[in-house]
Colleague: 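Handing you this structure, nothing more for now.
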Amino acid sequence: MSPDLLYTTPDGRQITPTSARQWVTVILKLPTKAERQAAIDGHVPEHLRELVLTMGRIAWNQKARRPK
């Protein structure tokens with residue numbers, strides 16, 4: 001797994017994401033849409049992919065994330 005795809009816990013440890021929310025947090029930090037899609041396709045467990053896609057779209061489309 002890429003070191004870019006590690007989730008940082010509140011106490012500072014870096015772990016492999018285990019929940020959909022952790023995966024979305026990690027994936028949204030990637031700079032391009034192609035990298036985000038590749039991470040979802042290649043790293044997120046299959047049973048979480050649809051949820052991660054949905055949560056990611058919702059987070060990305062929030063007004064605060066839009067370029068100014």
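Each residue takes its place number in the sequence, starting with 1. For the numbers below, each heavy atom of this structure counts, side chains included, while hydrogens, waters and symmetry mates do not.
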Colleague: What heavy-atom pair brings Q22 and T16 nearest, and what distance separates the two atoms?
Modeller: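 Between these two residues, the closest heavy atoms are OE1-O, 4.4 Å.
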Colleague: Work out which heavy atom in M55 is nearest to a heavy atom in R21; give both atom names and the distance.
Modeller: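 Nearest heavy atoms, M55 then R21: CE-CA, 3.8 Å.
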Colleague: Same cluster for L28 and I58 if Ile/Leu/Val/Met/Phe/Trp/Tyr side chains link at under 4.5 Å?
Modeller: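 No, it is not one cluster - the side chains of L28 and I58 are not joined through contacts under 4.5 Å.
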Colleague: Output all residues satisfying side-chain contact (heavy atoms from CB on, under 4.5 Å) with V52, sequence neighbours left out; order by chain, then residue number.
Modeller: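 side-chain contact (heavy atoms from CB on, under 4.5 Å) check on V52 returns A20, W23, V24, I27, I40, V44, L48.
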Colleague: Among all residues two or more places apart in sequence or in another chain, which pass the salt bridge (charged side-chain N to carboxylate O under 4.0 Å, His left out) test with R13?
Modeller: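 Counting only residues at least two positions away or on another chain, R13 forms a salt bridge (charged side-chain N to carboxylate O under 4.0 Å, His left out) with D11.
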Colleague: Mind checking side-chain hydrogen bond (donor to acceptor under 3.5 Å, both in side chains) for E50 and listing every partner two or more places apart, or none if nothing turns up?
Modeller: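 If we apply the side-chain hydrogen bond (donor to acceptor under 3.5 Å, both in side chains) test to E50, skipping adjacent residues, there are no hits.
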Colleague: How close do E35 and L30 get, counting heavy atoms only, and between which atoms?
Modeller: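 For E35 versus L30, the nearest heavy atoms are O-CD1, 3.6 Å.
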